[in-house]
Protein chains: 2
Amino acid sequence: MKSQGLRERKKLDTRRRIEAVALDMFERGGFETTTIEDIAAAADIAPRTFFHYFPTKEDVVLADYADRLARITGALAEWPTDEPAWTALQRAFLSVAADYEIERPRLLRRFRIMAATPSVYARSLQLQAGWEDAVASVLTQRAGLVAGGDITPRLLAAAALAAMRASLGHWLAAGGKGPLPAQLTDCFDRLARGLVAG
Amino acid sequence: MKSQGLRERKKLDTRRRIEAVALDMFERGGFETTTIEDIAAAADIAPRTFFHYFPTKEDVVLADYADRLARITGALAEWPTDEPAWTALQRAFLSVAADYEIERPRLLRRFRIMAATPSVYARSLQLQAGWEDAVASVLTQRAGLVAGGDITPRLLAAAALAAMRASLGHWLAAGGKGPLPAQLTDCFDRLARGLVAG
DNA sequence: ACCGATAAATGCAGCGATTGCAACTATGCT
DNA sequence: AGCATAGTTGCAATCGCTGCATTTATCGGT
């Protein structure tokens with residue numbers, strides 16, 4: 001529970017410093033215009049060191065995407081087997097959306113940069129595709145299915161991500177004002193009931 | 001209908017030559033290992049010229065993605081207003097999937113490279129996101145809605161893309177053997193009916 | 001406080017994609 | 001043929017990113 005040693009603490013410090021500095025510069029000058037060298041200088045590290053903390057420039061904006069995935073798959077893993085998969089998915093994703101509410105300003109900043117920067121958006125989609133695979137894989141296991149046999153897990157995972165992307169897109173378009181969880185619940189419900197009858 | 005002038009014909013020739021040569025090399029040596037310089041040499045052009053034909057290396061693999069989107073949005077635009085949006089979407093996407101059937105070997109090659117190369121996959125997702133926006137936009141117009149008001153178009157578009165991605169992923173995982181249109185129809189149907197009752 | 005082991009930071013050199021610019025060449029048209 | 005135009009090429013530079021070797025800082029025990 002403690003901050004471990006000085007080493008760990010410093011590392012975390014540096015990481016946060018890079019994030020803070022980089023986000024600022026991205027907002028002011030734009031993502032593409034800001035170079036790794038710029039960030040490094042502002043964060044008081046060597047350019048080479050940047051890559052010990054983030055694999056790509058894009059990942060600074062998308063830090064903590066991985067954590068969220070872990071939370072989702074974790075929640076799914078505990079899903080009682082008698083419950084419909086879609087309901088479990090809804091619960092799992094909703095818990096993440098709740099965090100979005102709490103961290104609203106922090107996330108809004110990042111999403112705005114993402115929306116304005118194709119390469120960052122592309123990277124986020126790539127990470128989301130990873131989620132999709134991971135979620136589908138968990139669903140497959142939980143249902144006791146064979147890996148490549150049934151398309152159901154893949155479809156459910158893709159649909160869940162679609163619900164999330166749609167909600168998030170709409171939320172962002174509205175400037176992040178409305179309640180995201182309600183929006184997401186609505187999307188999940190509609191997919192649960194079906195898209196034709198409404 | 002004619003091949004226009006010599007100029008146009010040569011340009012098309014070069015384009016096809018680049019694609020052919022590049023795909024071959026990607027398959028043999030891998031995407032990342034093959035450099036633009038390699039491709040240019042094999043296609044008998046200057047490295048600089050490559051970028052007059054494709055904006056990025058990834059786009060060689062994903063050529064004709066744009067055409068497909070045009071076909072989809074075109075089909076949507078002709079959708080009779082009394083028909084449910086989801087049905088129209090299904091028809092539009094299905095017509096594209098039919099092409100996939102016809103061009104199976106050609107597309108399979110490309111998808112295989114895509115599946116094996118993160119950066120290509122990322123690029124494809126980026127293009128798909130463009131589709132999602134375009135589709136949502138057409139749906140909004142057709143329904144006579146205001147741009148940012150209703151989340152429905154966004155959700156439908158995202159769901160349609162999800163159906164497509166799931167079908168395609170499953171199809172690819174099975175080595176491209178089965179009938180893609182049937183697979184896609186199934187996914188669309190299930191989303192139409194709802195994901196809980198099954 | 002001291003010392004070897006280990007993790008982290010740095011510097012350097014290099015690759016490869018991508019771009020802007022200017023010069024050059026082929027094609028289209030009169 | 002002869003100009004206007006579109007396409008090709010070469011050149012130089014930027015920038016993200018990587019491998020490798022070196023230096024520096026922290027840790028764990030003594």
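The chains referred to below are lettered A, B, ... by the order of the sequence lines, with proteins before strands, and numbering in each begins at 1.
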Does [N] have OP1 or OP2 sitting under 4.0 Å from an N or O in the side chain of [X]?
X     : N      : result
B:K11 : D:dA6  : no
B:Y53 : D:dT8  : yes
A:K10 : D:dT26 : yes

Gap between atoms [atom1] and [atom2], on [X] and [N] respectively (whole Å):
X     : N      : atom1 : atom2 : answer
A:D44 : C:dT10 : CG    : C1'   : 13 Å
B:H52 : C:dT25 : NE2   : P     : 16 Å
A:L6  : C:dA8  : CG    : P     : 12 Å
B:D13 : D:dG7  : CG    : P     : 15 Å
B:I18 : D:dG7  : CD1   : P     : 13 Å
A:E8  : C:dA7  : CD    : C1'   : 9 Å
B:D59 : C:dT19 : CG    : C1'   : 16 Å

Using a cutoff of under 3.5 Å, can you pull out all pairs of nitrogen or oxygen atoms linking the protein to nucleotides 2-6 of chain C, with atom names and distances?
residue	atom	partner	partner atom	Å
C:dT6	O2	A:R7	NH2	3.0

**Message:** Once rounded to the nearest 0.5 Å, what's the spacing between atom CG of B:L62 and atom CZ of B:R123?
**Reply:**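 B:L62 atom CG to B:R123 atom CZ measures 7.5 Å (nearest 0.5 Å).
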For nucleotides 13-18 of chain D, print each protein N/O atom paired with a nucleotide N/O atom at under 3.5 Å, atom names and distance only.
residue	atom	partner	partner atom	Å
D:dG16	OP1	A:K57	NZ	2.9
D:dG16	OP2	A:I36	N	3.3
D:dC17	OP2	A:K57	N	3.0

**Asked** Which residue pairs satisfy the salt bridge (Lys or Arg N to Asp or Glu O under 4.0 Å) criterion with at least one member in residues 150-161 of chain A, sequence neighbours excluded?
**Response**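 Residue pairs with at least one partner in residues 150-161 of chain A: there are none.
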**Contact list for residues 129-140 of chain A, test salt bridge (Lys or Arg N to Asp or Glu O under 4.0 Å), sequence neighbours left out** =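 Salt bridge (Lys or Arg N to Asp or Glu O under 4.0 Å) check on residues 129-140 of chain A returns A:E132-B:R165.
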**Message:** Taking ring pair (Phe, Tyr, Trp, His ring centres under 6.0 Å) as the definition, give me every residue that meets it alongside B:W79, ordered by chain and number, with sequence neighbours left out.
**Reply:**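 By the ring pair (Phe, Tyr, Trp, His ring centres under 6.0 Å) rule, B:W79 matches no residue at all.
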**Message:** According to ring pair (Phe, Tyr, Trp, His ring centres under 6.0 Å), who are the partners of A:F93, at least two apart in sequence or on a separate chain?
**Reply:**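 For A:F93, the residues satisfying ring pair (Phe, Tyr, Trp, His ring centres under 6.0 Å) (neighbours in sequence not counted) are A:F188.
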**Prompt:** Would you call B:E19-B:R110 a salt bridge at under 4.0 Å N-O?
**Reply:**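 Counted as a salt bridge, because a side-chain N and a carboxylate O are separated by less than 4.0 Å.
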**Message:** Determine whether a donor-acceptor pair (N or O, by modelled atom type, separation under 3.5 Å) exists between the side chain of B:H170 and the backbone of A:L155.
**Reply:**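 Not confirmed, B:H170 side chain does not pair with A:L155 backbone.
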**Message:** Any side-chain to backbone donor/acceptor pair from A:R190 onto A:L195? Under 3.5 Å, distance only.
**Reply:**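 Judged by distance alone, no pair lies under 3.5 Å.
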**Message:** Can you give me the closest heavy-atom contact between A:T34 and A:M25, atom names plus distance?
**Reply:**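 Heavy atoms only, the tightest pair is OG1-O, 3.5 Å.
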